[in-house]
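Note sheet for the following structure.
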Number of protein chains: 2
Amino acid sequence: MPVLLFSIETKVYNLKRFANFSMNNISFFHLCRCFFFFFTIFEIVYFQNVLMSQITLKDIAKALNLSPSTVSRAMKNHPAISAETRVLVQEYAETHKYKPNTLAMQLRTNRNTTIGVIVPEIVHYFFSTVLAGIQQEAESEGYNLLFCHSNEDYAREVRSVETLLDARVCGILASQSKTTEKFDHFQEIIDNDVHLVFFDRICTGINTDKVVVDDYAGAYNAVEHMIHTGCQRIAFLGSTPSMPIANNRRMGYEDALRKNKLPVDKNLSRICDTVDLAREIVPELLRSDSLPDAFFCINDEVAAYCMQIVKSAGYGIPEDISVCGFTNSYITEVTDPTLTTVDQHGFEMGKVAARLLINRIEGKETKPGVVSRLIKTELVPKGSTREIVQ
Amino acid sequence: MPVLLFSIETKVYNLKRFANFSMNNISFFHLCRCFFFFFTIFEIVYFQNVLMSQITLKDIAKALNLSPSTVSRAMKNHPAISAETRVLVQEYAETHKYKPNTLAMQLRTNRNTTIGVIVPEIVHYFFSTVLAGIQQEAESEGYNLLFCHSNEDYAREVRSVETLLDARVCGILASQSKTTEKFDHFQEIIDNDVHLVFFDRICTGINTDKVVVDDYAGAYNAVEHMIHTGCQRIAFLGSTPSMPIANNRRMGYEDALRKNKLPVDKNLSRICDTVDLAREIVPELLRSDSLPDAFFCINDEVAAYCMQIVKSAGYGIPEDISVCGFTNSYITEVTDPTLTTVDQHGFEMGKVAARLLINRIEGKETKPGVVSRLIKTELVPKGSTREIVQ
DNA sequence: AAATTATGTGCACACGTTTGCACAAAAAAA
DNA sequence: TTTTTTTGTGCAAACGTGTGCACATAATTT
């Protein structure tokens, strides 16, 4: 495709202006004009798009000798329209495959049915599960989903918010990226009177509805379970404490230790939320004087790699060392042994979050302040932890 | 929330009608009216939504004593507008946070920048990777993504198409559900002059652009690799042959056998694309007289379960039996041993598909017929296959 | 100086809907 | 019959933007 020095619009405009000279006395200057004229014409035709045709309310009105307003009302079962007219119109619309123009409708009524979703990562068991839940709930309520992916990147998250506000969505479901530390973009959503619900990775700087997993209880139960199976020195592979989900799990972990009268050893509590960190930190812990006899990990992936490292160091799982993950993704079924984990019920979280947002949009959620929903977690014991000693 | 017998619109309408009686001679009938009147008023106020306010072109025009047309042109750097007016308008717009109303723009120009995506499954490594690729390419070109999830269900797929057409998207990227056998809904997309590009699970009944993985070569190379490592009786755990991706892989598998002068045993080629089927079919194959010494599986998940079953039957991997998957998802790293697989380059497929669709939309893809893009596959040998004997 | 051309702006209509209001005709009540 | 009420329909304006055209005024060419 040739490069355009000016936009098509500019070209058309100039063209019209140039064409507007009188043909009385022609100069070299005019000849140049002519040349340019034809060149531009060609270029414009070349780039012209074909317009598509769709039947409208007006067309129906014209065909049935009615006014557009009558047709509009007939389509919506307005009580002032006679039964016969309604049937007439609806049948005509049916046979001619009339599709209301959503754009025009939304413009007129100043309200639409598109909700935006911002996800920090999509190639990710938990978030894709949540997305599936959101999608199902939204679809069943007649809402569309505008999908954005921040990829754990602050700049992309800001751009996503802009995109969604430009598209005039009626609400936004968001989970924060790891790198986000400023919240102006989220505040802007609220300033624009667009409803906002956070899920999972909530934003502490913004006062709005949220749906979170009960991380504290999940961690507490998992750690207590390992204690009941005889573990004494449980290591915690966590994430940055600025993320509430990570901090809550650490608190659940520590409280479970305290409740069972076990020491809370700060050396056993590490930030280790990626595969690379696991390769570094797990061997270090295994080398230390006081060997841990269990690992409680921030997610299933870290847990799976942790298991690999532990096994290759010659320890048996779960005989020597127990391992527990978090999420209950499908990798927990294919490791050897299978991985004990905490189910986060992502699908339900998605449904609850979408439900809450839609209620806000439709004014059905009347509670004035901030609404917080808690999704229950569930311990799923598999092969990487021992049986409870009775 | 109380149940509404009639819609709000109907209520308002009736209200106005009823209010329209003369107050001269009041009867019991009228009193009933009055009661109903107030009840309805209350109900309407109760359900009323707040309208949001946004600054428009008109507002700017009024504030600067210009006409809306001038403001419109100034914002778009139209050449007919003087520099000072343009700066004036753009600065005013900037400070007052003017956001063009996308709906109105799209309505006026009859063209929008939203493309629809239909994915059969989202809690799925490959498809979520493709979605990430689509998202990145679309975002960089200024397009929005309307996300639909058919969940491998024909009815939901049809509904998704309806939704996307109603939303007037300018193009659709789709991957077919397993249960789809009629294609009218896809044809309707084309009949509505909306661009359509299939990816991965293409629809053979529809003549349109597509992007597919080179399944044949992927399968061929994987099987040949296993042959070179000394495997002689390779089983194929495939999927329904009506899906081109499954059929192409079977052909690659068979051709690799033939090329290397190995017999093609129909008993070793099964339909086994779910975990449940694997639990049934793999043990059956292991019991048979002529034990396979390798499994080539349609996806990583089946391969992982296959490995579990093989191991628990007492065979060593890869010493006794080799296993190879397809996709290169993250489960291939956490199985024991790690799983040899074929990388499908999902992210690139997403980008290529989006690129192709956008080119069609913008008229940059001038090739008139059907365009097919092939995404290269790549064998990724890991721990579940042996080293090649030199 | 006169004719021509360039420049900048505004009017009015269009896109496809929805909706307040007016109005005629039919039905019911007085 | 006359008045009131009900019923069904159409007119016109609106949502926020884009664009053809006309029309002044300024700049340039004859």
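Lettering follows sequence order; numbering is per chain, from 1. Because only heavy atoms are used, hydrogens play no part in the values below, and waters and symmetry mates are left out as well, while side chains stay in. None of the values given here were measured: they were computed from a predicted structure.
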Listing time: all N or O pairs from protein to nucleotides 13-16 of chain C that are below 3.5 Å?
unit_1, atom_1, unit_2, atom_2, d
C/dA14, N3, B/Arg108, NE, 2.8

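- Note that CD1 of B/Ile358 and OG of B/Ser140 are 7.0 Å apart. Values are rounded to the nearest 0.5 Å.
- Across the protein-nucleic acid pair, A/Asn112 atom CG and C/dT18 atom C1' stand 16 Å apart, rounded to whole Å.
- A/Asp59 comes within contact range of no nucleotide atom at all, as no heavy-atom separation falls under 4.0 Å.
- A/Ser82 comes within 4.0 angstrom of the backbone, heavy atoms only, and of no base.
- With values rounded to the nearest 0.5 angstrom, B/Gln187 atom CD is found 9.5 Å from B/Thr208 atom OG1.
- Taking atom NE2 of residue A/His78 and atom C1' of nucleotide D/dT7, one finds them 12 Å apart after rounding to whole Å.
- The side chain of A/Thr85 contributes an N or O atom lying less than 4.0 Å from OP1 or OP2 of D/dT9.
- Distance, B/Arg86 CZ to C/dT7 C1': 13 Å, rounded to whole Å.
- Distances shown here put a side-chain N or O of A/Thr70 below 4.0 Å from the OP1 or OP2 atom of D/dG10.
- The nearest whole Å value for the distance from the CD1 atom in A/Ile81 to the P atom in D/dT6 is 18 Å.
- Contact between A/Leu164 and A/Val117 at its shortest, heavy atoms only, is CD1-N, 4.2 Å.
- When the C1' atom of D/dT9 is taken as reference, atom CG of A/Leu88 falls 14 Å away, rounded to whole Å.
- Ring geometry for A/Phe147 against B/Phe147 counts as tilted: the plane angle lies between 30° and 60°, on a 0 to 90° scale.
- Between the P atom of C/dC11 and the CZ atom of B/Arg73 lies a distance of 12 Å, rounded to the nearest Å.
- Using a 4.0 Å heavy-atom distance criterion, A/Ser72 is classed as a base contact.
- The distance between the ring centers of A/His185 and A/Tyr154 falls below 6.0 angstrom.
- Remark: B/Glu188 does not engage A/Lys97 in a salt bridge, criterion side-chain N to carboxylate O under 4.0 Å.
- A straight line from NZ of B/Lys76 to P of C/dG8 spans 19 Å, rounded to a whole angstrom.
- A donor-acceptor distance shorter than 3.5 angstrom exists from the side chain of B/Arg360 to the backbone of B/Glu365, with no hydrogens or angles considered.
- Counting any heavy atom pair closer than 4.0 Å across all strands shown, A/Leu66 reaches sugar-phosphate atoms only and no base atom.
- Atom CG of A/Leu64 is separated from atom P of D/dT9 by 12 Å (rounded to the nearest Å).
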